[in-house]
Amino acid sequence: MIRLSNVCKRYGSAASAQPALEGIDLTIERGEFVALRGPAGCGKTTLLNIVGLLDQPSSGTYRFADRDVSRHAEHALTALRQRGIAFIFQSSNLIDDLDVYANVDLTLQYQNVARPHRKQMVREVLELVGLDSRANDYPDELTPCEQQRVAIARALVNDPSLILADEPTRNLADDYGAACMDMIGALNRAGATVLVATESGACAAHAERIVQLKNGRVLPGELGRI
């Protein structure tokens with residue numbers, strides 16, 4: 001599903017370009033659960049953004065779903081993201097003035113899904129994350145874990161094939177973080193491909209495979225489940 005070959009990412013002008021990623025070779029098969037692990041500043045988020053089609057490599061090739069997307073136009077990348085990629089961030093980024101239902105429904109409104117279909121889709125995904133009884137509550141009435149579950153519901157409402165999570169447990173207490181990762185693991189077992197970027201060993205332990213990053217490079221040797 002994901003194949004990066006000699007991918008590099010540099011920022012700045014040619015004379016003073018700062019490398020963020022160097023020579024990344026990475027393959028993730030459909031249905032895998034992979035963790036990118038490394039310290040802050042090692043390139044995890046940059047790599048996640050390239051995989052998620054939010055950014056493009058400076059050089060190298062990226063094949064997503066059997067097509068080379070390395071030099072796709074922005075409108076083509078946007079269409080691919082909307083059809084099959086979901087993002088979960090360390091902050092839930094919910095809209096305080098909207099209740100749980102409306103926060104999730106907003107994703108479908110942006111995609112011009114008809115109202116009758118939206119209602120069914122939102123109800124189904126809230127039931128999936130165990131928040132169907134909280135649909136009319138507002139973010140400040142929820143625990144941090146429940147807020148993150150709303151964010152997960154919002155990401156999943158369009159049934160993505162790829163879930164990308166950037167430090168999804170950083171702002172959660174240990175027990176909440178474990179519950180969040182258990183839910184992401186369940187989504188993987190249901191068929192979604194998952195890529196998580198994290199500094200946390202506990203978070204990475206939920207993955208089937210761990211890819212270590214340091215200074216913008218993949219370290220030799222990959223680790224299995226801890």
Side-chain angles (χ1 to χ4, degrees), residues 9 11 20-21 33-55 77-78 81-82 84-111 122 125-126 128-132 134-160 162-188 192-207 210-211 213:
K9 182 64 180 180
Y11 294 101
L21 297 174
F33 187 164
V34 177
L36 296 173
R37 190 180 177 198
C42 72
K44 300 188 301 297
T45 296
T46 300
L47 183 52
L48 211 66
N49 287 342
I50 289 174
V51 171
L53 307 178
L54 293 173
D55 202 355
L77 297 178
T78 299
R81 285 197 303 269
Q82 290 180 341
I85 301 177
F87 295 86
I88 302 170
F89 302 101
Q90 58 184 278
S91 174
S92 60
N93 293 320
L94 302 180
I95 299 174
D96 293 336
D97 294 336
L98 298 180
D99 63 21
V100 166
Y101 181 96
N103 265 282
V104 177
D105 182 58
L106 196 60
T107 297
L108 299 176
Q109 290 186 48
Y110 287 146
Q111 297 177 12
V122 173
V125 77
L126 288 179
L128 178 66
V129 300
L131 290 175
D132 46 318
R134 308 298 300 273
N136 297 322
D137 292 338
Y138 286 81
D140 63 0
E141 300 176 283
L142 306 177
T143 67
C145 185
E146 288 171 333
Q147 291 176 8
Q148 193 68 314
R149 283 155 62 191
V150 176
I152 291 172
R154 183 179 56 192
L156 296 179
V157 71
N158 63 344
D159 193 24
L162 173 63
I163 299 171
L164 303 176
D166 192 0
E167 298 287 4
T169 64
R170 174 174 285 176
N171 295 329
L172 300 176
D174 289 347
D175 51 346
Y176 286 158
C180 174
M181 291 308 301
D182 285 342
M183 181 167 295
I184 292 174
L187 298 170
N188 168 251
T193 304
V194 176
L195 179 61
V196 175
T198 184
E199 296 179 39
S200 165
C203 180
H206 290 259
I210 299 173
V211 176
L213 287 181

Roughly how far, to the nearest 0.5 Å, is the [atom2] atom of [Y] from the [atom1] atom of [X]?
X      : Y      : atom1 : atom2 : result
Leu21  : Ile50  : CG    : CD1   : 5.0 Å
Asn103 : Leu106 : CG    : CG    : 7.5 Å
Leu131 : Leu142 : CG    : CG    : 7.0 Å
Asp166 : Thr45  : CG    : OG1   : 3.5 Å
Leu187 : Leu156 : CG    : CG    : 5.0 Å

Using a 3.5 Å distance criterion without hydrogens, assess whether the side chain of [X] forms a donor-acceptor pair with backbone atoms of [Y].
X      : Y      : result
Glu141 : Tyr138 : yes
Asn93  : Ser91  : yes
Thr143 : Glu146 : yes
Arg149 : Gly130 : yes
Arg81  : Leu53  : yes

Taking all atoms of both residues into account, what is the closest heavy-atom pair of [X] and [Y], and its distance?
X      : Y      : result
Leu172 : Cys180 : CD1-CB, 4.0 Å
Gly52  : Phe87  : O-CZ, 3.3 Å
Ala151 : Leu94  : N-CD2, 4.2 Å
Ile85  : Val51  : CD1-O, 4.3 Å
Leu36  : Lys44  : O-CD, 3.5 Å
Ser92  : Gln147 : CB-O, 3.6 Å

Pairs under 3.5 angstrom only: tabulate donor-acceptor contacts from the side chains of residues 192-203 to other protein residues two or more places apart or in another chain.
from: Thr193; atom 1: OG1; to: Gly31; atom 2: N; distance (Å): 2.7
from: Thr198; atom 1: OG1; to: Glu167; atom 2: OE1; distance (Å): 3.3
from: Thr198; atom 1: OG1; to: Ser200; atom 2: N; distance (Å): 2.9
from: Glu199; atom 1: OE2; to: Arg170; atom 2: NH2; distance (Å): 2.6
from: Ser200; atom 1: OG; to: Ala202; atom 2: N; distance (Å): 3.2
from: Ser200; atom 1: OG; to: Cys203; atom 2: N; distance (Å): 3.0

Item to check | Neighbour count >12 (heavy atoms, 6.0 Å) for atom CG, Asp174 | outcome: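 Count not over threshold, so no.
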Checklist entry - Has Asp182 got more than 12 heavy atoms of other residues, nucleotides or ligands less than 6.0 Å from its CG? => result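 Yes.
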Item to check | By side chain to side chain donor-acceptor pair (under 3.5 Å) - contacts of Gln109 (at least two apart) | outcome: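 If we apply the side chain to side chain donor-acceptor pair (under 3.5 Å) test to Gln109, skipping adjacent residues, the hits are Asp105.
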Next on the checklist: Does any part of the side chain of Met181, heavy atoms only, come nearer than 4.5 Å to the side chain of Thr169, both counted from C-beta?
Outcome noted: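 When only atoms from C-beta onward are counted, Met181 and Thr169 do touch, with a gap below 4.5 Å.
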Checklist entry - Taking C-beta and beyond as the side chain, do Pro168 and Gln90 meet within less than 4.5 Å on heavy atoms? => result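 When only atoms from C-beta onward are counted, Gln90 and Pro168 do not touch, as no gap falls below 4.5 Å.
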Next on the checklist: Assess the residue pair Asp96 and Asp140 against the criterion (side-chain contact (heavy atoms from CB on, under 4.5 Å)); give the C-alpha distance rounded to whole Å, side-chain angles, the decisive distance to 0.1 Å, and a yes or no.
Outcome noted: CA-CA 7 Å; Asp96 293 336; Asp140 63 0; over 6 Å; no
Next on the checklist: Under the rule for salt bridge (Lys or Arg N to Asp or Glu O under 4.0 Å), what residues qualify as partners of Asp55, not counting sequence neighbours?
Outcome noted: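 Scan of Asp55 (salt bridge (Lys or Arg N to Asp or Glu O under 4.0 Å), adjacent residues dropped) gives Lys9.
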Checklist entry - Is there a side-chain contact (heavy atoms from CB on, under 4.5 Å) between Asp137 and Asp99 once you walk through the steps? => result CA-CA 5 Å; Asp137 292 338; Asp99 63 21; over 6 Å; no
Next on the checklist: Go through it in stages, so that I can follow the logic: the residues are Val100 and Asn136, the test is side-chain contact (heavy atoms from CB on, under 4.5 Å), and I'd like the CA-CA distance, side-chain angles, deciding distance and then a yes or no.
Outcome noted: CA-CA 6 Å; Val100 166; Asn136 297 322; over 6 Å; no
Next on the checklist: The test is side-chain contact (heavy atoms from CB on, under 4.5 Å); show your working for Phe33 and Ile184 and say whether it passes.
Outcome noted: CA-CA 9 Å; Phe33 187 164; Ile184 292 174; 4.1 Å; yes
